[in-house]
Amino acid sequence: MKIVVAIGGSILLKEYDSKKFQKYSEILKDLSKEHELFVVVGGGKPARDYISAVRNLNAGEAQCDDIGIEVTRLNAKLLLIALGDSAYQRVPHNFQEALEFSSSGKIIVMGGTEPAHSTDAVSAILAEYVHADKLINLTSVDGLYTKDPNKFDDAELVSEITASDLLDFLNGKDMKAGTYEFFDTTAVQMIKRSNLETVIANGYEPENLIKAINGESIGTKVINE
Ligand code: UTP
């Protein structure tokens, strides 16, 4: 299968060390023997720290986004180093480059592209662009809950949802630089228009990537209308 994997920066850089990069690189190398892989890496805390510093300098939102994009590319570079020869050793800055680099047959790793969305959207657009079979978004929560699980004991994990219902759920959520909450609506629009098979799962356990690829019931699956 051709698979786009989005890994949240909050997963890779919960701590400022190399452990998650190493673990993910082992799993990705293994999976690349069977699948064609495109990985999109998020910004995490470093991106938010830089964005808040630049916002305090009175930068506009798009300029804040630009700084966030730089950090996602830096994180992508770290994963490239961890993957070594299994990955194409340049970070694509746009989808055309990602497609071109993929003719190497190696794993492609990228970060952000342009302002006004998050790397969730990058991964969904990339999946469209390269005609991926599946999009797997590895994030810091188990998936979508009926309500905030930190506040409500009776919150339940939503195992399946249509893209339209997910869009309704996300409507009105904050979209400023560094503040995409659960999932970016631009990403859901792409998933909806392409009927893209998507799984949103917890990335703290890198093995969840294998489970999601194997079709095991995990996280929240975005299903056809
Ligand atoms: P992330 O995709 O990591 O955003 O990009 P996020 O969802 O806020 O963070 P985590 O990692 O899931 O916790 C970081 C920031 O970089 C900018 C946005 O400001 C985003 O919030 N960005 C990223 C863009 O403007 N365009 C892109 O293509 C990617």
Side-chain angles (χ1 to χ4, degrees), residues 4-25 38-82 90-95 97-98 108-126 137-145 147-152 166-167 169-191 200-204 206:
V4 174
V5 181
I7 311 177
S10 44
I11 301 294
L12 290 170
L13 282 149
K14 187 160 188 264
E15 281 91 35
Y16 282 61
D17 63 22
S18 56
K19 287 197 193 93
K20 279 280 188 296
F21 286 90
Q22 269 161 350
K23 187 68 195 158
Y24 266 107
S25 70
F38 294 79
V39 185
V40 179
V41 171
K45 187 173 182 298
R48 278 192 293 281
D49 288 348
Y50 269 87
I51 286 168
S52 87
V54 77
R55 194 175 275 134
N56 289 339
L57 296 171
N58 284 329
E61 280 304 305
Q63 220 170 357
C64 292
D65 282 338
D66 256 344
I67 294 294
I69 292 167
E70 292 295 336
V71 178
T72 62
R73 288 176 178 163
L74 190 62
N75 292 343
K77 217 159 183 173
L78 249 77
L79 186 58
L80 279 186
I81 290 168
R90 269 182 65 196
V91 176
H93 284 196
N94 55 55
F95 304 106
E97 277 184 358
I108 303 303
V109 185
M110 69 188 290
T113 51
E114 65 278 302
H117 53 66
S118 75
T119 47
D120 290 341
V122 173
S123 64
I125 300 168
L126 180 63
N137 188 289
L138 297 165
T139 180
S140 54
V141 292
D142 290 335
L144 180 69
Y145 277 89
K147 30 184 138 160
D148 185 346
N150 296 317
K151 290 190 196 146
F152 301 96
L166 183 54
L167 271 178
F169 177 85
L170 295 173
N171 243 339
K173 295 276 189 294
D174 212 346
M175 300 287 279
K176 274 166 48 182
T179 58
Y180 293 93
E181 288 280 332
F182 171 66
F183 208 66
D184 180 342
T185 49
T186 310
V188 189
Q189 303 276 12
M190 300 297 126
I191 292 167
I200 303 166
N202 196 322
Y204 283 130

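A donor-acceptor contact shorter than 3.5 Å is absent between the side chain of Asn137 and the backbone of Ala6. Judged purely by atom type and a 3.5 angstrom limit, Tyr24 uses its side chain to pair as donor or acceptor with the backbone of Gly203. Within the 3.5 Å criterion, the main-chain N or O of Gly112 finds a donor-acceptor partner in the side chain of Thr72. Here the side chain of Asp184 pairs a donor or acceptor atom with the backbone of Ser118 at under 3.5 angstrom.
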Q: Just do the side-chain contact (heavy atoms from CB on, under 4.5 Å) check on Ile200 and Thr139 with the steps written out, would you?
A: CA-CA 7 Å; Ile200 303 166; Thr139 180; 3.7 Å; yes
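Side-chain contact between Val109 and Val91 is absent, with no heavy-atom pair separated by less than 4.5 Å.
For the pair Pro115 and Ala62, the tightest heavy-atom approach, listed with the atom from each and the gap, is CG-O, 4.0 Å. When all heavy atoms are compared, the tightest approach of Pro46 to Leu13 is CG-CD1, 4.1 Å. Nearest heavy atoms, Ala124 versus Met190: CB-CB, 3.7 Å.
The OG atom of Ser25 sits 11.5 Å away from atom CD1 of Ile81, with the distance rounded to the nearest 0.5 Å. In this structure, the separation between CZ on Arg90 and CE on Met110 is 12.0 Å, given to the nearest 0.5 Å. Atom CG of Leu138 and atom CG of Asn202 lie 8.5 Å apart (nearest 0.5 Å).
The salt bridge (charged side-chain N to carboxylate O under 4.0 Å, His left out) pairs that include a residue from residues 5-22 are Asp17-Lys19, where partners are two or more places apart or lie in different chains.
When each of Leu80, Leu79, Val4 is checked for a side chain to side chain contact (heavy atoms under 4.5 Å, CB included) with Val39, only Leu79 meets the rule.
In this view, Lys147 and Asp154 satisfy the salt bridge (charged side-chain N to carboxylate O under 4.0 Å, His left out) rule, not counting sequence neighbours.
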